[in-house]
K.L.:
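Below are the structure tokens for one structure; questions will follow.
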Amino acid sequence: MRCVVFGATGYIGGRLVPELLRAGHDVRAVARDPSRLTDVPWHDRAEIAAGDVTEATSVASAVAGQDVIYYLVHSLHRHDFVELDRHAARTVAGQAHAAGVRRIVYLGGITPDGQPLSPHLASRAEVGQIMLDSGVPTIALQAAVIIGAGSASFEMLRYLTERLPAMVTPRWVNNRVQPIAIRDVLHYLTHAAALPGTINRRFDIGGPTVLTYLDMMRRYAAVAGLPRRVIALVPVLTPWLSAQWVNLVTPVPHSIAVPLIESLVHEVVCHDRDITTHIPEPDGGPASYERAVELALAHIRHAGMPARRSGAAMPPSDPLPSDPMPSDPAWSGGSSYEDIRERHTSADAQVLWQFIESIGGEHDWCSFPLAWSPRGWLDRLIGGAGLRRGGHDHHRLYPGEALHRWRVEHLDRPRLLRLRAEMRLPGRAWLELSAAPDADGSLYRQRVIFEPHGLTGHLYWKAIAPFHHAVLGGMARAITNAAEREKRRGKIPR
């Protein structure tokens, strides 16, 4: 079928498009700013179109000739999101009916019965009703917390649990939630396109287990290998106060944290499992909460480099739904720190590379030993081998080679060297060194990446930050200065 996805730059939309393509559909991905989709892995396999869901002409152009509309737009970051989402939904519903679209698929939130709803949940329910009343057969799927890297609800849970070994929480963290893995959400969304036109209703979707938010934090800690979290319940924290606390200790924007936390006051549990009478369950059944968290953390445990938009590593052409995406917001995907230093040098790139590749050998670490020694002493103190493991005595490195307490993870001679730290750390660390020609010689670029593990990792990075100028800045200066001296001596690089 021909499917148009509104909200293709969002968390769900960016992961749904490749699933629809894999199912054999033609996909038109609509975004207000199509440039945000330039780096997504499926960019060349889908039609990318500019469109604004608040403008009727724009929407009419986007839905022309389409069979199915996926509506995955939510203006949560706007203070006037209720009015804006209402207007957008009416615009899309009206144009869908006028264009003769056969099906609308919408994803909203589970709503509890018989109680006032938070503005967030009330808006989600209202948008769903607008679609159901549009005259176009609509499937309105409703989910609670979606577990996957990039999901705002999951990222808030991740940061709170990882950064706070002990916390004070409101009593409503004991409210029940039925989380669902992102892979299962995409399963139901993809199959909803093919349901008969006679079906026009809401369906709740959820994982196999009902938990409290407290259970979710503790089970996340267990899966992530963190110590058991100490949590004290108090009756005085309102949702507004809780949101201020979340905003203080996590990078989740205040405009997103407030409505999400206000919604956690409600119990969000599936009312029924009617969806299974129309769409079969995913292979092996819905993923457990623990399995969903494992999938969300898999890229951290098994990938060589953090999957960051600014990093050197790009996602594979067919990533897993639980993996980070280039279109995800910068605050998602877990914490990482970087120290980047660049220096221009009159030496050409070939001479500069000679000193990069001989690091740890006759040139040692190109920085004064007293700066590196404390790190070696600390590693020995906590049970490591310090910096005792020998370096190499040649002028060429090889992938997988040990280099003191580092290992060569990637080598793109004569451009890029990436080392992975093997010393004992409360997290994972990499050191990247690169050489690139420029008009007057070459550019040396040095990047340290650190992914902290728990609060200890964050404190470790902040504790060593004062030494970065001496150690890392000294290394950058020494390597470029050595290359310039070699150039002046007129030696031919080995």
Side-chain angles (χ1 to χ4, degrees), residues 109-110 112 143-185 206-239 241-252 256-257 260-270 285-301 322 331-335 426-428 451-459:
I110 295 176
V145 174
I146 298 175
I147 305 299
S151 161
S153 297
F154 174 76
E155 296 297 343
M156 189 169 68
L157 174 79
R158 178 213 299 263
Y159 288 123
L160 284 173
T161 309
E162 289 190 347
R163 297 186 175 188
L164 298 174
M167 65 188 89
V168 174
T169 61
R171 292 191 180 277
W172 44 260
V173 296
N174 276 326
N175 288 347
R176 298 185 304 155
V177 183
Q178 193 162 354
I180 182 172
I182 177 62
R183 69 158 202 182
D184 296 339
V185 173
T209 311
V210 176
L211 304 167
T212 66
Y213 201 80
L214 188 62
D215 292 333
M216 290 169 62
M217 287 191 288
R218 285 178 169 160
R219 293 190 184 198
Y220 176 94
V223 174
L226 299 169
R228 180 177 174 84
R229 283 11 215 165
V230 178
I231 300 174
L233 305 182
V234 295
V236 294
L237 284 178
T238 65
L241 284 174
S242 300
Q244 311 315 307
W245 176 243
V246 169
N247 189 238
L248 179 66
V249 299
T250 81
V252 179
I256 294 177
L260 287 180
I261 288 181
E262 287 176 344
S263 299
L264 289 174
V265 175
H266 305 295
E267 291 199 339
V268 279
V269 177
C270 294
S288 67
Y289 174 75
E290 286 81 0
R291 178 58 179 157
V293 172
E294 287 176 357
L295 291 171
L297 300 181
H299 77 283
I300 294 178
R301 293 181 173 179
S322 51
W331 47 263
S332 68
S335 301
R428 302 194 307 163
E451 278 196 344
H453 184 65
L455 180 62
T456 306
H458 292 277
L459 296 177

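Numbering starts at 1 and runs along the sequence shown. From a predicted model like this one, the values you see are computed outputs, not experimental measurements.
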K.L.:
How long is the straight-line distance from CD of Glu267 back to CD of Gln178, given to the nearest 0.5 Å?
P.N.:
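Result: 11.5 Å between the selected atoms.
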
K.L.:
Looking at CZ of Arg218 and OG1 of Thr212, how far apart are the two atoms once the value is rounded to the nearest 0.5 Å?
P.N.:
8.0 Å

K.L.:
Please round to the nearest 0.5 Å and tell me the distance separating atom CE of Met216 and atom CD1 of Ile147.
P.N.:
4.5 Å

K.L.:
Which value, rounded to the nearest 0.5 Å, describes the distance between Leu260 atom CG and Glu155 atom CD?
P.N.:
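Answer for the CG-CD pair, Leu260 versus Glu155, is 11.5 Å.
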
K.L.:
Restricting to non-hydrogen atoms, name the atom on Ile182 and the atom on Gly148 that form the minimum distance, rounded to 0.1 Å.
P.N.:
CG2-CA, 4.1 Å

K.L.:
Answer yes or no: is there a side-chain heavy-atom contact under 4.5 Å between Ile261 and Met156?
P.N.:
yes

K.L.:
Which heavy-atom pair separates Ser153 from Tyr213 by the least distance, and what is that distance?
P.N.:
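Shortest heavy-atom separation between Ser153 and Tyr213 comes out as O-OH, 4.3 Å.
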
K.L.:
Has the side chain of Asp184 got a donor or acceptor atom that lies under 3.5 Å from a matching backbone atom of Ala287?
P.N.:
yes

K.L.:
Taking the side chain as C-beta and beyond, is there a heavy-atom pair between Val223 and Tyr289 under 4.5 Å?
P.N.:
no

K.L.:
At their closest point, which heavy atom of Ala181 faces which heavy atom of Ala292, and how far apart are they?
P.N.:
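Taking Ala181 first and Ala292 second, the nearest heavy atoms are CB-CB, 3.6 Å.
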
K.L.:
Is there a side-chain contact between Ile110 and His266 in this structure, where contact means two heavy atoms from C-beta onward sitting under 4.5 Å apart?
P.N.:
no

K.L.:
Only one of Val269, Leu211, Val268 passes side-chain contact (heavy atoms from CB on, under 4.5 Å) with Arg176; say which it is.
P.N.:
Val269

K.L.:
How far apart are the closest heavy atoms of Pro452 and Gly457, and which atoms are they?
P.N.:
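Heavy atoms of Pro452 and Gly457 come nearest at CB-C, 3.5 Å.
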
K.L.:
If we only count heavy atoms from C-beta on, is the Leu226 to His453 side-chain gap below 4.5 Å?
P.N.:
yes

K.L.:
For the side chain of Arg229 and the backbone of Met167, is there at least one donor-acceptor N/O pair under 3.5 Å apart?
P.N.:
no

K.L.:
How many angstroms lie between CG in Leu233 and OG1 in Thr169, if you round to the nearest 0.5 Å?
P.N.:
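Reported value, rounded in 0.5 Å steps: 4.5 Å.
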
K.L.:
After noting the C-alpha distance and the side-chain angles of Val293 and Arg219, does the key distance pass the side chain to side chain contact (heavy atoms under 4.5 Å, CB included) rule?
P.N.:
CA-CA 9 Å; Val293 172; Arg219 293 190 184 198; over 6 Å; no

K.L.:
Would you call Glu290 and Thr209 a side-chain contact if the rule is heavy atoms closer than 4.5 Å?
P.N.:
no

K.L.:
Taking all non-hydrogen atoms of both residues, which atom of Ile180 and which atom of Gly207 are closest, and how far apart?
P.N.:
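Taking every non-hydrogen atom into account, CB-N, 3.7 Å.
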
K.L.:
Output the distance between atom CG (Leu157) and atom OG1 (Thr250), rounded to the nearest 0.5 Å.
P.N.:
11.0 Å

K.L.:
For the residue pair Ala296 and Phe154, what are the closest heavy atoms and their distance?
P.N.:
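Looking at all heavy atoms of both residues, the shortest contact is CB-CZ, 3.6 Å.
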
